[in-house]
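Have a look at the structure below, then the notes.
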Amino acid sequence: MGPFAALDHAVNFVAPAAALALLLVLGGRILRPKGPQALSWWAQVAINFVVGCGVLVAGLVVLGRDGKMLTYAALVLACASCQWLLVRGWRS
């Protein structure tokens, strides 16, 4: 596998985490615009992206292959929980 193919595989591996992180933060800003934010939007995206990548790698290690629905379900739960913590959802 050449370097461009390896880069393509890596980008496609983390794409679900990147898309989910961005959609969670932007959706949260639209649905819940009130109150001051503890972190900027790009910091929230970055933290959710790192959490999502960790979940994807853990799913690859535990399940032995990429793209299992259990991994994607864990990705959604982990990123949603992380975003809830970042916006201090327990206070509302």
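The analysis underlying the following values was restricted to heavy atoms, covering all of them including side chains, and did not include hydrogens, waters or symmetry mates. Numbering of residues begins at 1 and proceeds along the displayed sequence.
One finds the CG atom of L24 at 10.0 Å from the CG atom of L86 (value rounded to the nearest 0.5 Å).
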Extract all donor-acceptor atom pairs below 3.5 Å that involve side chains of residues 42-64 and protein atoms in other chains or at least two apart in sequence.
residue, atom, partner, partner atom, Å
W42, NE1, S40, OG, 3.0
Q44, OE1, Q83, NE2, 3.0
Q44, NE2, Q37, OE1, 3.4
Q44, NE2, L39, O, 3.3
N48, ND2, Q44, O, 3.2
N48, ND2, Q83, OE1, 2.7

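With hydrophobic clusters built from ILVMFWY side chains whose heavy atoms lie under 4.5 angstrom apart, L75 shares a cluster with M69. V76 and F13 end up in the same hydrophobic cluster when Ile, Leu, Val, Met, Phe, Trp and Tyr side chains are linked at under 4.5 Å.
When atom types are taken as modelled, the side chain of T71 and the backbone of G67 share no donor-acceptor pair closer than 3.5 angstrom.
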